[in-house]
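From a predicted model like this one, the values you see are computed outputs, not experimental measurements. Lettering follows sequence order; numbering is per chain, from 1.
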Amino acid sequence: MADRVRHLPVWQHVTYSKEIGPSQFGTQVTVGGWVQDLRNLGGISFLQLRDRDGVVQITTLKKRSKELFELVASIPRESVILVTGTVKESKEARAGFEILPETIDVLSRAETPLPLGVVDKVGADLDTRLNNRFLDLRKEEVRAIFRIESCVLEGIRKYLASEGFVEVNTPKIVAAGAEGGSTLFPIKYFERSAYLAQSPQLYKQNLMATGLDRIYEIAHAYRAEASDTIRHIAEFVSLDVEMAFIKSSEDVMAVAEGIVVNSLRHVRESAKDDLARLGLTVEDPQTPFPRVRYKDAVEMLKAEGMKIEHGEDLGTEGEKALGDIMNREKNCELYFISEFPTSLKRGTFYAKRMDEDPETTGYFDLDYRGQEIVSGGQREHRYDVLVEQMRENNFNLESFDFYLKGFRYGMPPHGGFGFGVERYVQKMLNLPNIREAVLFPRDRARLVP
RNA sequence: GCCCCGGUAGUGUAGCGGUCUAUCAUCCGAGCCUGUCGAGCUCGGGACUCGGGUCCGAAUCCCGACCGGGGCGCCA
């Protein structure tokens, strides 16, 4: 109360820093934000006030108002204040203008010391930052990541809508998993047990039997994998696409490619400021993305001296090495690894095997600089074959009855993929850890905040 | 799940058996300063994750717990 110069004003329009320009010079504005920094030089003080878009300087003169001057000097950093004052052109101020305050309201005083400095000249560990994410997000360069992520999703939605895809929502509380039970989070569902969905796989395939035959979903997926890595989290945003009446996995790859190309362009065009803040540029990738068949990838890795045999998984090491090769020899950051052998896709019981070669599927991964961001392909739509493939994998057919039913009454050929949105953003922005691309990440150790 | 590595002021670090009454920066507090924006100057404040053990002596060595980082497997 003591630091309030006057009573709170009737709510009035707050001008964002970005909106102030020469046309406001000499006029009165009200700005609101967080106290980023304060320089008190004795007779004059400079307060840097940060709002959503930038920083404005509030310049206070002792000789103009001792009371106001002392108030300014007493406000802890990161407090929220409302300043009403006159905009004055200034050669010294960074923005070209500053605000001479008439009134200052301290709306919320910040405690000291801060658990995490916003503009301190020392770094902080990711763990410390995530524990204090609201403060971390006060940094421009951190918020930029999430504005870009929003832009990515906007670009994806625009593109898919233009291709006739319908956005849907499927349940995240499910009775059975899409691929085995080990990675499911069990939950209580009234008197029964249920799981958090690890993938919308079964539902999006079910929809292919309806006439909603080009769909996508952007939603959380949950994986209880004990994976402590910089590219795994327990709750991630999955873009799932499914489309019917396809001829082969190629049709599916074309959409995956379209999503990447169009969202990259959208980011480049619409997120210029945020990219600049991060010191990044986004180039249009070369199209079409190269298709590296699995068997060719193995040969390429062998030629590099890697110990790998046909039928083995490429592994993290192999994926990274392939990323290096593609970058070095083709100057290429985005490429498909296609035609995965059936032996590596057995767990993926719904994957269609090639008619001419049952030992090979049309399944593909899309890798971005040596990391998998998309996985998909054509599904098996023939009921009898699907059931046989499930039996091979010892699936309990009864618990998949709702799923299998969809294949018995008219199911067109179809295919689709899962696309890891945060992984995509991680690679796009060169972030060292996927958690940087998640506001409040969930992993094996972290449940708060 | 497996394998490495690490936990020192609010934050980020140096120290790795006695010289530690623990370094530096940032930060916080008090003061000086009318053009600061990596401000400057003076003074002050604040830490060895926890529990055992070894030793004359432990921040330092050993064991355990807890917490964190990285890699692998697997995956988006």
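- You'll find the ring centres of A/Y195 and A/F185 outside the 6.0 Å limit.
- Across all strands, A/L126 comes closer than 4.0 Å to no nucleic acid atom at all (heavy-atom distances).
- Put simply, CG on A/D240 is 10 Å from P on B/A76, counting in whole angstrom units.
- In this structure, A/K345 is positioned above the aromatic face of A/F340, its NZ or CZ under 6.0 Å from the six-membered ring centre and within 45° of the axis.
- Here A/F46 does not count as stacked on B/G35, because the ring centres are not under 5.5 angstrom apart with planes under 30°.
- In this structure, A/E380 CD and A/T348 OG1 are separated by 13.5 Å, a value rounded to the nearest 0.5 Å.
- A cation-pi arrangement is absent between A/R423 and A/Y368, since the terminal nitrogen or guanidinium carbon is not both under 6.0 Å from the aromatic centre and inside a 45° cone about the axis.
- Here B/U11 presents its P atom at 11 Å from CG of A/L114, a figure rounded to the nearest Å.
- In this structure, of B/G12, B/A76, B/U36, it is B/A76 that holds the atom nearest to the side chain of A/R223.
- If you take CZ of A/R231 and P of B/G70, they are 11 Å apart, rounded to a whole angstrom.
- Using a 4.0 Å heavy-atom criterion, one finds that A/K91 contacts no nucleic acid atom at all.
- Residue A/E319 is in base contact, counting any heavy-atom pair closer than 4.0 Å across all strands shown.
- Among B/A76, B/U34, B/G35, the nucleotide with an atom closest to any side-chain atom of A/E372 is B/A76.
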